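Notes for the one structure printed next.
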Amino acid sequence: DLGGKFDKSFNEAAFSGATRWSEETGGSFREIELQSEAQREQALRRFAEAGANPIVMTGFAFGNVLSEVAPDYPDTKFAIIDMVVDAPNVRSVVFNEHEGSYLVGMMAAQASKSGTVGFIGGMDIPLIRKFACGYVQGVKAVNPDATVIQNMTGTTPAAWNDPVKGSELTKAQISQGADVVYAAAGGTGVGVLQTAADEGILSVGVDSNQNHLHSGKVLTSMMKRVDNAVYEAMTAGVDLETGFNVMGVANGGIDYAMDEHNAALVSADMKATVDAAKDQIASGELAVHDYMSDNSCPVE
Amino acid sequence: MDFLTLLQVLDTSVRLATPLLLACLAGLYSERSGVVDIGLEGKMLAAAFFAAAFAFYSGNAWVGLLAGVGASIVLSIIHGLASVTFRGNQLISGVAINFLAAGMTVLAAQSWFRQGGRTPPLEGAARFNPIELPFAIGPNDAAAAERPLSQLIAEAGPFQQFYSELISGHSILVYLALLTVPATWWLLFRTRFGLRLRAVGENPAAVDTAGISVVWLRYGAILICGILCGVAGAYLSSALQAGFVKDMTAGRGFIALAALIFAKWRPVYALWACLLFGLFQALELRPDIIENLTGMKVQVQLLGALPYILTVVILAGFVGKAIPPRASGEPYIKER
Amino acid sequence: MDKMPKWADIVLIPLISLLLAAFFSALVILAIGENPIEALNLMIDGALMRSAGWGYTLYYATNFIFTGLAVSVAFHARLFNIGGEGQAMLGGLGVALVCLYIPWPHWSLSILGASVGAALFGALWALIPAYLQAKRGSHIVITTIMFNFIAAALLNYVLVEMLRPVGAMDPASAKFPDATHLPSFQDMFSTAETPLFRGAPANVTFFLSLAACLLVWVLIWKTRLGYEIRAFGQSETAAKYAGISPVRITVIAMLISGALAGMMSVNTTMGESERLILNSTEGAGFIGIAVALMGRNHPFGVLLAAVLFGFLYQGGAELALWTSIPRELIVVIQALVILFTGALDNMVRHPLEKLFIALRRRNA
Amino acid sequence: MTAPAIELKGISKAFGPVQANKDISISVQPGTIHGIIGENGAGKSTLMSILYGFYKADAGEIFIKGKKTLIPDSQAAIAAGIGMVFQHFKLVENFTVLENIILGAEDGAMLSTSLSNARRELKHLAEEYGLNVDPDAVIENLSVGHQQRVEILKALYRKAEILILDEPTGVLTPAEADQLFRILDRLRAEGKTIILITHKLREIMEYTNTVSVMRRGQMTATVKTEETSPEHLAELMVGRKVLLRVDKAPAEPGATVLDIKGLRVVDDKGVERVKGIDLAVRAGEIVGIAGVAGNGQSELLEVLGGFAEGTGTILMNGSEIPLSGHGADGQTRRAVGISHVPEDRQREGLIMEFSAWENTVFGYHHAPEIQNGLLMDNKGIFAEAEAKMERFDVRPPDPKLAAKNFSGGNQQKIVLAREIERNPDLLLIGQPTRGVDIGAIEFIHQQIVNLRDQGKAILLVSVELDEIMSLSDRIVVMFDGHITGERDPGQTNEKELGLLMAGITDTSTVAGNGNTTPPEQEVHANG
Ligand SMILES: Nc1ncnc2c1ncn2[C@@H]1O[C@H](COP(=O)(O)OP(=O)(O)OP(=O)(O)O)[C@@H](O)[C@H]1O
Ligand SMILES: Nc1ncnc2c1ncn2[C@@H]1O[C@H](COP(=O)(O)OP(=O)(O)OP(=O)(O)O)[C@@H](O)[C@H]1O
Ligand SMILES: [Mg+2]
Ligand SMILES: [Mg+2]
């Protein structure tokens with residue numbers, strides 16, 4: 001989606017899924033980054049007419065367009081990520097980001113010494129509030145007295161791409177006492193993680209596994225397996241199963257990242273606590289509130 | 001708001017004011033010579049990219065700075081060609097330069113690094129790192145004490161807080177930018193070059209008939225403008241940030257122009273104006289402070305628009321009719 | 001006595017400038033390792049050789065006609081309106097409110113209503129900078145730029161907090177009712193046997209923009225108001241002598257300019273997306289500057305330049321679709337076009353003038 | 001005879017299609033004042049600007065003191081000992097006198113030494129030539145006369161041996177002009193060479209040694225001043241006989257058209273420029289306002305014309321007109337029968353980029369007779385413009401030509417044609433012939449008198465005392481925002497008016513003695 005292919009996060013995940021597919025199968029794919037809204041429809045049609053099948057698109061902004069285009073190309077399969085489009089030849093993939101955010105929130109609360117953690121969102125849209133809300137719930141689950149400082153970077157798409165501001169927001173949060181920050185801000189997050197590393201506090205990455213960006217300084221990452229979703233859609237090819245597909249903790253679509261870069265940061269205790277919650281969510285025992293369900297968040 | 005919070009906000013203001021100040025002084029030279037430059041934004045952007053790219057290749061922030069300044073100067077020369085040599089419309093030339101920089105930086109970044117129009121992150125000596133002044137509490141002390149820096153500072157006395165938080169710990173370019181203010185004042189009002197520069201912005205015909213070349217004077221000013229914009233851009237990508245991302249100037253060139261008007265084209269006022277705009281931007285990052293001060297929850301959108309709204313308010317309310325250098329914006333045409 | 005024939009001024013110079021811009025664009029394409037000839041072919045093929053391509057080209061052109069006219073009307077009063085972007089955004093809001101909250105029986109009525117809404121909101125957004133310029137002397141270039149940023153924040157607030165349907169992810173309004181659907185070129189020109197403009201967003205608003213060209217032409221060159229606007233633009237002191245109120249003309253010219261910029265949203269918001277989205281203007285307000293310049297601030301020139309830029313946009317989209325050339329190439333090409341046609345046009349004009357004078361001397 | 005101070009050979013210069021100078025040769029003897037006259041647009045300023053290196057000649061050679069000299073820019077001209085005072089001063093308005101003087105002639109890169117050196121030198125020059133100016137005054141606060149002194153000082157500071165003055169007296173009062181010529185005489189006596197461009201034949205006859213006449217880009221004659229006469233020069237200039245005096249019958253004033261009571265005007269800077277004026281103008285008379293520029297005359301005209309605001313009462317044909325707020329604008333004034341020829345035709349009276357025909361309705365574009373429904377009747381306006389231009393002998397008579405392409409005199413004719421042909425009850429007219437050549441002056445004066453003879457009221461402001469004396473039926477003198485006196489032109493003289501213009505109301509010692517007209521008019525002056 002708008003924000004650029006190499007945001008080290010959402011879009012990059014989609015791209016790497018596609019690349020993985022192409023490397024494994026030798027298939028070829030075309031990709032386009034859009035420059036304008038009117039082009040969304042155009043791109044879909046042109047790809048469909050050129051015989052691309054399936055066509056995978058990432059980002060909720062395609063929703064409207066797809067619902068108009070899909071019926072015109074009944075033989076083409078579409079997959080859309082982050083949005084639900086009800087059409088017989090469309091597979092809609094949505095993620096339970098609030099669940100993953102909950103998990104990293106728990107992690108952050110445990111890692112925090114000051115009892116204050118931060119959240120830095122990208123553009124202020126419901127989706128990002130959904131991230132924030134899940135995160136706060138996770139933090140409070142561990143430490144009900146914790147403070148969560150929340151900032152959104154901006155209100156225009158430029159907010160996905162403003163690391164300078166991300167960096168300054170991080171500094172501001174640090175000066176308010178935050179010692180773990182969670183960046184759900186696309187390219188802006190690069191600045192957040194950088195500053196957190198510079199200033200010696202911990203950060204939490206998003207969408208892709210960002211632990212390696214500053215080894216030993218990124219606590220964990222909330223992984224939204226967009227790459228998997230894209231990979232699966234492409235692997236399925238014309239046989240793509242259409243319909244509604246929720247990716248959550250339960251089916252591995254959402255997870256938090258553990259690897260050699262953050263092994264030293266996460267104690268066994270911390271991991272145990274988070275894994276317990278993960279199991280509960282997976283089994284349905286624990287329901288994390290979804291901001292989008294009613295446009296509000298039970299905790300601040 | 002306690003003293004330390006105030007210092008923190010001011011600290012952020014200084015950091016954020018630095019690119020504004022450099023760009024504002026750049027604009028000052030240009031407009032004082034009679035050439036309006038709304039392409040500050042584009043020059044900074046181009047400089048930010050080239051500085052980051054060359055700093056990455058060389059591993060040396062100073063090499064990056066030079067490259068950034070070079071890129072900015074190239075755009076300056078284009079502006080000079082358009083507005084001095086070919087006596088075209090200066091506003092339009094500025095608009096074109098902004099577009100050119102916006103497109104070219106991403107194009108070049110993509111073609112060199114293939115990372116979607118950004119440069120790889122800069123590390124170590126490829127960045128301008130904060131300088132710790134003598135006796136200040138800095139990251140080294142924090143490392144030695146094995147405690148967060150913020151805590152150490154919080155425990156220090158007020159003067160030490162002031163010194164360590166606000167005065168120390170900026171990158172060299174911040175201090176350089178601050179030094180540029182008195183240097184500019186001195187150059188403008190105490191030297192022959194300054195006299196001529198001010199004159200050519202007021203009445204180029206007077207300069208011309210006094211036997212001085214209007215063209216060269218203006219190119220001189222435009223060149224200085226390019227250098228300062230170059231430093232501003234390098235600061236953005238290799239001091240404030242660790243690398244280039246597209247459109248990273250985010251309107252700073254325009255805010256700098258507003259500051260220039262607010263400052264009535266005077267260097268010392270420019271410092272205050274830029275610090276004020278820096279403060280607005282710093283406050284935007286601290287909704288908690290605004291909420292404490294006003295006792296209201298502030299909408300993010302309002303917060304984000306705050307610097308722009310305040311700019312308009314200041315221009316309308318406090319500056320009134322600012323009188324620019326008389327010849328600024330008009331090409332000097334002897335014969336038609 | 002003029003230095004050269006009029007046709008040279010209005011045709012030859014832009015043409016040569018354009019060629020220069022094309023030449024440098026080709027160099028840029030070469031520099032990033034692509035083939036400029038192929039790129040051009042691709043652009044022409046995608047934008048002009050298929051009816052759907054034209055449908056896109058004209059769709060973009062419609063936007064640029066409106067913003068180009070907006071910039072040029074203000075230019076005639078020597079006001080540099082860089083705020084077309086923000087005015088168009090607010091225009092979109094006007095369109096959305098009109099379409100969402102008034103039950104329209106038929107598109108023909110709704111397009112009128114939406115135009116009024118768009119023009120009103122666009123004009124409103126231009127009013128404050130105009131007033132500040134006229135009364136307080138606040139530089140309009142700066143204030144309109146600031147108002148672009150403020151408009152973006154305002155629109156965001158309205159979309160996220162007010163117009164967004166509950167549960168929707170997009171910061172966008174609900175879809176407009178069907179009665180406000182504007183006939184697209186496909187609806188109008190396609191028949192069962194010959195499908196034309198398939199899926200392209202060009203719609204009746206294009207004809208609205210043509211009408212706007214005509215109206216602006218009449219306004220500027222045939223009416224008292226236009227006379228006053230031009231007089232004021234040429235000399236403020238003389239205008240004052242003639243009893244033309246600077247405040248009045250500044251405000252009126254900007255209102256018209258803002259209204260025109262706002263009307264662009266009829267095309268994007270009502271004609272294409274059929275709902276209000278956050279970023280429907282997409283820089284068209286800025287392209288308007290280039291279009292006005294290339295069109296020499298004349299409505300007919302604006303029309304031609306708008307089509308050219310429409311072609312660039314559509315051709316650029318095709319490039320991005322089928323090659324790995326980043327979309328920013330188009331931004332660079334725009335910059336070069338603005339640079340050569342707007343800022344460096346004397347580079348072409350001066351030698352040409354000399355040439356024509358020499359020719360005349362020889363003939364005399 | 002010694003080598004000429006300056007010799008120009010075969011100078012040609014074209015501005016685009018306009019051939020401003022065609023193969024001009026001229027030689028100027030050292031220690032003389034050499035006059036140059038010619039119609040507007042004859043190429044005088046261009047020629048001198050070439051000599052000063054401001055423009056580059058297309059062809060030709062320049063010899064200074066017999067030596068061939070290349071003058072590619074003003075730097076070279078200054079080095080060759082040439083100084084020039086342009087018609088429109090080339091001063092930086094918000095700089096001090098001292099800063100203007102050292103600009104381009106600084107000693108060293110630091111300002112402080114240059115400034116102190118210049119201060120010393122300036123004092124010296126001031127004493128030597130009686131050129132007193134405050135070195136720390138800011139230019140924009142100085143009178144034009146003093147600004148001109150600064151220009152002369154600039155040249156002398158640069159050790160100019162040859163001084164060019166382009167229409168130096170156009171904006172000066174008689175007293176200032178006298179002083180200027182005393183200084184020029186002094187310079188000449190020292191052996192300096194002076195070139196003087198002027199439209200005033202009296203100055204030529206009185207002060208020059210030789211005079212050259214230019215016409216349409218060519219040098220038509222160079223003669224010794226003592227061997228010629230004003231009539232002869234005028235004929236050489238214009239190519240026909242010119243009437244140098246205004247030919248007019250005595251006035252027959254009728255009813256009061258304009259009645260001003262207690263008018264006060266405060267300018268943008270908050271300075272009171274008109275300090276309570278009472279004045280009446282009657283039908284069929286020309287009232288001339290004399291005064292040094294900047295004593296409130298301009299502001300008076302601007303308030304009457306509706307583009308400045310004031311307080312007090314003004315009755316036009318017996319009914320009051322608003323002086324501020326709504327209705328105080330040019331449109332409303334025109335509607336009640338006031339026409340206005342502004343002082344600055346290029347900045348106020350015309351839109352230079354508009355074609356002549358569009359300019360012929362400028363200010364009257366709302367008039368109902370030129371409307372065609374909602375639109376303007378452009379065809380009708382064009383046809384009318386063609387006729388007007390013919391009646392007023394505007395050259396070239398091409399309505400499509402942009403105003404900027406006409407010479408100063410012809411531009412003025414376009415303005416006059418527009419304002420006079422409206423047949424106003426009251427014509428306000430400021431500096432009608434400033435910088436206009438004598439051929440055009442003759443015509444313009446005749447038009448003004450004709451209008452009066454049709455029974456119209458005319459209020460004339462001019463800094464040219466000659467013009468005031470010859471056109472007016474009644475002369476009012478303004479000083480410092482007040483009226484200091486009113487005189488009958490037949491019964492006064494330049495000396496007396498000069499005293500009034502300096503604010504001295506006791507003029508008994510120099511009062512005029514021509515007492516042909518009985519003092520029948522009521523006196524409004526209350527200096
Ligand atoms: N800078 C210029 N560019 C183009 N044309 C010019 C320029 N200056 C003068 N001209 C033209 O050259 C011709 C000669 O002009 P010039 O100013 O030398 O006349 P002049 O004799 O000084 O007239 P005046 O008595 O009005 O001062 C005129 O036709 C004028 O329009
Ligand atoms: N830069 C220029 N370009 C074109 N024409 C010019 C230029 N400068 C002067 N002219 C023209 O040259 C002629 C003479 O110019 P000059 O500057 O002497 O003014 P003028 O018309 O004599 O007016 P005045 O002497 O009353 O100020 C005018 O026709 C004027 O329009
Ligand atoms: Mg002249
Ligand atoms: Mg003249």
Side-chain angles (χ1 to χ4, degrees), chain B residues 36 38 42 78-79 81-83 85-111 116-117 246 251 254-255 257-258 261 299-312 314-317 319-324 331 336, chain C residues 3 28 31-34 80 82 128-129 131-133 135-139 141-143 145-158 160-161 283 286-287 289-290 293 324-350:
Chain B
V36 168
I38 61 172
I78 294 180
H79 190 53
L81 275 179
S83 45
T85 306
F86 292 112
R87 303 182 303 232
N89 185 317
Q90 301 170 4
L91 291 176
I92 294 163
S93 166
V95 170
I97 283 171
N98 288 338
F99 271 104
L100 194 62
M104 277 299 223
T105 49
V106 178
L107 219 52
Q110 177 62 11
S111 142
K246 73 178 215 182
F254 298 114
I255 304 248
L257 278 181
I261 296 175
Q299 279 290 340
V300 252
Q301 288 92 347
L302 181 61
L303 215 53
L306 200 64
Y308 309 113
I309 295 175
L310 288 176
T311 302
V312 173
I314 283 182
L315 283 185
V319 178
K321 211 157 195 133
I323 298 168
R336 276 186 277 187
Chain C
K3 290 174 183 163
V28 171
I32 59 171
E34 304 277 340
F80 197 29
I82 307 198
I128 304 167
Y131 178 84
L132 292 178
Q133 161 88 48
K135 284 285 194 185
R136 311 278 322 173
S138 320
H139 204 307
V141 170
I142 306 285
T143 47
I145 290 174
M146 295 298 136
F147 266 67
N148 287 340
F149 289 112
I150 300 173
L154 177 67
L155 192 67
N156 189 283
Y157 175 78
V158 172
V160 174
E161 306 288 337
F286 294 110
I287 305 298
I289 299 168
L293 287 171
S324 62
I325 298 178
R327 61 195 197 200
E328 274 77 14
L329 176 68
I330 297 307
V331 181
V332 173
I333 296 181
Q334 277 161 20
L336 291 171
V337 170
I338 297 176
L339 191 66
F340 284 102
T341 60
L344 286 171
D345 65 336
N346 280 340
M347 190 169 77
V348 178
R349 173 171 290 117
H350 287 164

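Every chain is numbered from 1 and lettered A, B, ... according to where its sequence line falls, protein lines coming before strand lines. The structure presented is a predicted model; accordingly, all values stated were derived computationally and were not measured.
Proximity to chain B is absent for every atom of C:I128, based on heavy atoms less than 4.5 angstrom apart. Only the side chain of C:L132 comes within contact range of chain B, with heavy atoms under 4.5 Å apart. For C:L339, the parts lying near chain B are the backbone and the side chain together; criterion is any non-hydrogen pair under 4.5 Å. Contacts of C:V28 with chain B are made by side-chain atoms alone, with heavy-atom separations under 4.5 Å and no backbone atom involved. For a residue to count as touching a neighbouring chain, one of its non-hydrogen atoms must lie under 4.5 Å from one of that chain's; by this rule B:S111 touches chain C with the side chain only.
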Identify every side-chain donor-acceptor pair in residues 96-106 of chain B under 3.5 Å, counting partners at least two apart or on other chains, and give the distances.
unit_1 : atom_1 : unit_2 : atom_2 : d
B:N98  : OD1    : B:G42  : N      : 2.8
B:N98  : ND2    : B:I38  : O      : 2.9
B:T105 : OG1    : B:A101 : O      : 2.7
B:T105 : OG1    : B:A102 : O      : 3.3

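Of the residues considered (C:I145, C:I333, C:T143), C:I145 shows the highest number of contacts with chain B, using heavy-atom pairs under 4.5 Å. Between chain C and the residues B:I78, B:N89, B:L91, B:T311, the most heavy-atom pairs under 4.5 angstrom are made by B:L91.
A side-chain donor-acceptor contact under 3.5 Å links C:R136 to the backbone of B:A316.
The side chain to side chain contact (heavy atoms under 4.5 Å, CB included) search around C:Y157 returns B:Q299, B:Q301, C:E161, C:M162, not counting sequence neighbours.
Sparse packing is recorded around OH of C:Y131, with 12 or fewer heavy atoms of other residues, nucleotides or ligands lying under 6.0 Å away.
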Next item on the list: Starting from the C-alpha separation in whole Å, work towards a yes-or-no answer on side chain to side chain contact (heavy atoms under 4.5 Å, CB included) for B:I309 and B:L302.
Entry: CA-CA 9 Å; B:I309 295 175; B:L302 181 61; 4.1 Å; yes
